[in-house]
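Just so you know, these numbers use all the heavy atoms, side chains as well, and skip hydrogens, waters and symmetry mates.
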Amino acid sequence: MKKLICVTLLIEKSPQALPLGAACIASAVKNDSRTKNLYDARLIDYCRESPEIEKIYSETGPGQIKNAGELAVGTWIAKELAALKPDIVCFSIYVWNHIALEKAALEIKKLIPGVITVAGGPEVTANPYVFSGMDYSMAGAGEGATTELLENIWKEQEKGADPLKDYHIPGIYFLNGKPDASPEKNSLSSLQRMLPCNTEVLSSPYLDGTIDVAKYGGALWELARGCPFKCSYCYESKGEKKVSYFPLERLEKEIELFAKKNISQVFVLDPTYNASKERAIKMLKIIEKKAPGMFFYFEARAEFIDRELAQAFSRVPCALQIGLQSADEAVLKNVHRTLDKKKFIRNIGYLNETGVTFGFDLIYGLPGDNLKRFKNSIDFALSLYPNNLELFCLSVLPGTDLNDAAAEFGMVWEQTPPYHVIKTPQFSEADLAKAASLARATNLFYTQGRAVPWFNSVLFPLKIKASQFFTEFSQYMVEQKIDFALSKCQSGEEKSRKITEIQKAFVSKKYREKHLDKLLPAAEDLILINGALGLCTFDGTESEFTTHYHPDDVMSEYGTDLQFFADNCGKQKCRVKVFESEKGPDWMTV
C-alpha cells in the first residue's frame, strides 16, 4: 500500500480548530472501495500554539523577509513529513496556514523527489491556480473527487507511466508543481468546482476513528452541507443554493460517541442551522435526549426564529451566533443580504424571553458602509442585549462574488491572506483604523468583560450611545496602556479580574465627568458582582469582595434602574462570597 498523509496547520489549540477537513479526506480514502486497499491514509495536524512552532515564530521575529515566520514553519513541517516517507501529501489550506503549507509543499518536493502533493480547502477553492509546490489543487468538497484522483494515480503507476497528468476530473486542477499564471485561467468568475458529495454515503471521520474528539475536548459537527443564501463576501456565494443533510442515523451515532467520549462542547458547522425549522427542532430533541450535559454552539438566522424554536433552543445548553453584519439595509443590499428590523427585533425578543444565550457578528468595511453607519450598527446590536458582539474587518476573499465586484465598488484590499479591505470610497484607511480600535475596545469591555447583564443599565444614566462609550474607551485603553497591562496577566482568572477592575475604573471616570457620583456605588456593585458570577460560570472560580449595597438588592429587578435604586435603596456594606452551587453560580453574605 502507498502512504498518504492528510495534513493541516491549526491556528490554535481548541475544539474549534479541530482538523475536520483533512480528516474527512483521510476517512474517505480509507472507506471508498476505489482506494481503501491501495492507500494507507493518515491524518496529521500541527498547531501554531505548539511549543515547537511557537519557538520557530519567536526565533524568526519581525525580520527583513516578509512572512519569515510562516516560511520557517513551512520548512520545519516539510522535514517532519519527509521523515514519514509519504508517497502523497494532501494539504488542507486556510487563510491562516496558506503561506506555511505552500512552503511545506515546495520543501518536501526537494526532500522526497517524486512525492505527489495535493491542495484542498477554502483557500484552494477560492483560487486553485496559484499554489507553488502543488501537483493538484481541488476546488470544493473533495471526498469523492480525491478518491477518483488517487485511483487514477495508482493505475498509472501500476502501468509504469508518469502519474502526473490531467485526469479531467471536475474541480481538480493539474498544476504539476507550478502555479498557473495564465490570465484567462485566473478569471475566477466561472470557476468549476468538484461535484457535490452525496451526504447519504459519506463516511464519518469520527465513527471510523480517523479523529478522536477526546484529544481536542470538543468537536466540530457537520449536520448538513450547503447554504440557501448567497452572501457575496462568503465562500458559499459560489456554491449550490441548497442544503444537503447528513442521515439522522449517522448523526445519532456521532452524538452518542461524543457523549461516550465525555467532551464538553460541540460547534455545529452548518452556516444556517435553522434553515429548516422542522429539522432544527428534530435535532435539538436528539441532542436533549442523548447529550443533555454537553454545550452546543449554533449559527442561526434571526428571521427564521419563532417562539417554538426559541423554546426548543432553551431546553439545550447552547449559544447561538447570529450574523447581523450590518444594521443598515442599504449596506446589506450590496452584499446580497436583507434585514427587516421589526422582524429581527421581534425574533431576538423570543430568545431573550426564553433565556437563550446569543451573540451577533458585525463586519466593518462592507461596500457602501462608513464609520458612522458602523457605529449605528453597534448601537442597534447592543440595544438587543447580545451575550457577545464579534466585530470583524471585511476580508475580500478570492473566489467570492464580492471579489468579482469589489473593483466596481471602488474597494482596495490586500491581495494576500487575510485579504482585509484597505479602503473604500466611503471608508478611508483612517476610519478603518478607528473602526478596528472600536472593535478591540468593544470586544474587551463588553464581550471579554461579560458585560451583557449590566451594560445597558450602566450606560443609560450617561445619556450617550454605546458606540460613543466604546470610542472613548478605546482612547482610554491607549492612555492607560491597557493592552500592555493585560499582556502581563499570568492566567485567565487574573485577566478576568483585571478586566473587571478596568471596567470599574472607566465607568467611575465617566460617571464623575457627568456628575453621577450618587449612582456610582450601585454601578460598581453591579459590575463587581456580575464579574464574579461570570468568572464562576466560566471556570468555577470563587470570589470574596465588599459591596456598598446588599447583593440581593443589587441583583434584583430594581438594580437595573440605577437612578431609582440609588434614590430608594439604603446602603448596606456587605462582604460577599460568590461560589459554585448545585444550581450554578450563587452568592451569599459572609
Legend entry - Separation between CZ of Arg337 and CD1 of Ile363, rounded to the nearest 0.5 Å: 7.5 Å
Inset, instruction - Quick one: pull up CZ in Arg48 and CD in Glu70 and give me the separation to the nearest 0.5 Å. - result: 4.5 Å
Legend entry - Ionic contact status for Lys110 with Glu107, cut-off 4.0 Å: yes
Inset, instruction - Take Val118 and Ile25, measure what side chain to side chain contact (heavy atoms under 4.5 Å, CB included) needs, and give me the verdict at the end. - result: CA-CA 11 Å; Val118 184; Ile25 298 299; over 6 Å; no
Inset, instruction - Look at the side chain of Asn274 and the backbone N and O of Ala300, then say whether any donor-acceptor pair between them is shorter than 3.5 Å. - result: no
Inset, instruction - Evaluate the side-chain proximity of Leu248 to Lys282: yes if any heavy-atom separation is below 4.5 Å, no if none is. - result: yes
Inset, instruction - Evaluate the side-chain proximity of Gln325 to Val335: yes if any heavy-atom separation is below 4.5 Å, no if none is. - result: no
Inset, instruction - Show your working on ring pair (Phe, Tyr, Trp, His ring centres under 6.0 Å) between Phe313 and Phe298 and close with a plain yes or no. - result: CA-CA 10 Å; Phe313 278 123; Phe298 301 97; 5.5 Å; yes
Legend entry - Heavy-atom check, side chain of Tyr173 versus side chain of Tyr136, under 4.5 Å: no
Inset, instruction - Grab the two heavy atoms, one from Asn403 and one from Pro398, that are nearest each other, plus how far apart they are. - result: ND2-CA, 3.6 Å
Inset, instruction - Answer yes when Lys277 and Asp306 have at least one side-chain N-carboxylate O distance shorter than 4.0 Å, and no when they do not. - result: yes
Inset, instruction - Please work out which of the three classes, parallel, tilted or perpendicular, describes the rings of Phe296 and Trp221, given edges at 30° and 60°. - result: tilted
Inset, instruction - Specify whether Trp96 and Tyr94 have parallel, tilted or perpendicular ring planes, treating 30° as the upper limit for parallel and 60° as the lower limit for perpendicular. - result: parallel
Legend entry - Smallest separation among heavy atoms of Lys36 and Lys30, with atom names: CB-O, 3.0 Å
Using atom types as modelled, flag every donor-acceptor pair under 3.5 Å from a side chain in residues 151-159 to any protein atom, sequence neighbours excluded.
residue	atom	partner	partner atom	Å
Asn152	ND2	Glu148	O	2.9
Glu156	OE1	Lys165	NZ	2.9
Glu156	OE2	Lys159	NZ	3.1

Inset, instruction - Give a yes or no on whether the backbone of Leu202 and the side-chain of Arg250 come within a donor-acceptor separation of less than 3.5 Å. - result: yes
Inset, instruction - Could you pull out the closest heavy-atom pair between Ala119 and Val124, with the gap in Å? - result: O-CG1, 3.5 Å
Inset, instruction - For Lys3 and Leu84, work out which heavy atoms get closest and say how close. - result: NZ-O, 2.8 Å
Inset, instruction - Could you tell me whether a side-chain N or O of Thr447 sits under 3.5 Å from a main-chain N or O of Leu389, the two making a donor and an acceptor? - result: yes
Inset, instruction - Flag the pair Leu366 / Val421 as yes when at least one side-chain heavy-atom distance between them is below 4.5 Å, and no otherwise. - result: no
Legend entry - Close side-chain approach of Ile422 and Glu414, heavy atoms under 4.5 Å: yes
Legend entry - Leu394 side chain reached by Leu402 side chain, heavy atoms, under 4.5 Å: yes
Inset, instruction - Evaluate side chain to side chain contact (heavy atoms under 4.5 Å, CB included) for Leu397 paired with Tyr233, printing each intermediate quantity in order. - result: CA-CA 7 Å; Leu397 299 171; Tyr233 49 79; over 6 Å; no
Legend entry - Donor-acceptor contact below 3.5 Å, side chain Ser395 vs main chain Pro418: yes
Inset, instruction - Verify salt bridge (charged side-chain N to carboxylate O under 4.0 Å, His left out) between Glu252 and Lys290, making sure each step is shown before the conclusion. - result: CA-CA 8 Å; Glu252 288 196 51; Lys290 297 185 178 291; 3.7 Å; yes
Legend entry - Exam field: side chain Thr272 to backbone Ala275, donor-acceptor pair closer than 3.5 Å: no
Legend entry - Test item: Ile116 and Leu164 side chains (from C-beta on) under 4.5 Å apart, heavy atoms: yes
Inset, instruction - State, without any angle test, whether Thr147 and Arg34 hold a side-chain donor-acceptor pair at a distance under 3.5 Å. - result: yes
Legend entry - Taking every non-hydrogen atom, the tightest pair across Ala104 and Ile77: CB-CG2, 4.0 Å
Inset, instruction - Return yes if a side-chain donor-acceptor contact under 3.5 Å exists between Ser27 and Asp208, otherwise no. - result: yes
Legend entry - Donor-acceptor contact present, side-chain Tyr39 to main-chain Leu150, <3.5 Å: yes
Legend entry - Heavy-atom neighbours of Glu278 CD exceed 12 at 6.0 Å: no
Legend entry - Spacing of OG belonging to Ser276 relative to OH belonging to Tyr245, to within rounding of 0.5 Å: 4.5 Å
Inset, instruction - Give, for atom CG of Asn334 and atom CD of Glu408, the distance between the pair rounded to the nearest 0.5 Å. - result: 11.5 Å
Legend entry - Glu143 bridged to Arg225 by N-O distance under 4.0 Å: yes
Inset, instruction - Can you sort out the partners of Phe295 under ring pair (Phe, Tyr, Trp, His ring centres under 6.0 Å), two or more places apart, ordered by chain and number? - result: Tyr297
Legend entry - Nearest heavy-atom neighbours spanning Gly69 and Thr60: N-CG2, 3.4 Å
Inset, instruction - Check whether any side-chain heavy atom of Cys90 sits under 4.5 Å from a side-chain heavy atom of Met138, and report yes or no. - result: no
Legend entry - Atom pair CD (Glu52) and CD (Glu80), whose distance is rounded to the nearest 0.5 Å: 7.5 Å
Inset, instruction - Please step through side chain to side chain contact (heavy atoms under 4.5 Å, CB included) for the pair Leu251 and Ile286, ending with a clear verdict. - result: CA-CA 9 Å; Leu251 298 178; Ile286 291 173; over 6 Å; no
Legend entry - Nearest-0.5 Å distance, CD of residue Glu390 to CG of residue Asn388: 4.5 Å
Inset, instruction - For the pair Tyr419 and Glu123, evaluate side chain to side chain donor-acceptor pair (under 3.5 Å) and give the outcome as yes or no after the intermediate values. - result: CA-CA 11 Å; Tyr419 310 110; Glu123 278 289 279; 2.6 Å; yes
Inset, instruction - Give the C-alpha distance, both sets of side-chain angles, the deciding distance and a yes or no for side chain to side chain contact (heavy atoms under 4.5 Å, CB included) between Ile112 and Val89. - result: CA-CA 11 Å; Ile112 306 181; Val89 181; over 6 Å; no
Inset, instruction - Apply salt bridge (charged side-chain N to carboxylate O under 4.0 Å, His left out) to Glu254 and Lys261, showing your working. - result: CA-CA 10 Å; Glu254 287 179 331; Lys261 293 285 186 176; over 6 Å; no
Legend entry - Main-chain N/O of Thr357 paired with Asn387 side-chain donor or acceptor, under 3.5 Å: no
Inset, instruction - Verify, without hydrogens or angle tests, whether Thr400 (side chain) and Cys234 (backbone) share a donor-acceptor contact under 3.5 angstrom. - result: no
Inset, instruction - Kindly say whether His336 contributes a backbone atom to a donor-acceptor pair with the side chain of Ser232 at under 3.5 angstrom? - result: no
Inset, instruction - Please lay out, stage by stage, how Phe131 and His98 fare under the test ring pair (Phe, Tyr, Trp, His ring centres under 6.0 Å). - result: CA-CA 9 Å; Phe131 290 88; His98 179 146; 4.8 Å; yes
Legend entry - Ring centers of Tyr364, Phe392 separated by less than 6.0 Å: no
Inset, instruction - Mark yes or no for whether Glu12, through its side chain, and Leu10, through its backbone, hold a donor-acceptor pair below 3.5 Å. - result: no
Inset, instruction - Inspect the surroundings of CD in Glu249 and state if more than 12 heavy atoms from other residues, nucleotides or ligands are less than 6.0 Å away. - result: no
Legend entry - Residues Arg279, Asp270: salt bridge by 4.0 Å N-O rule: no
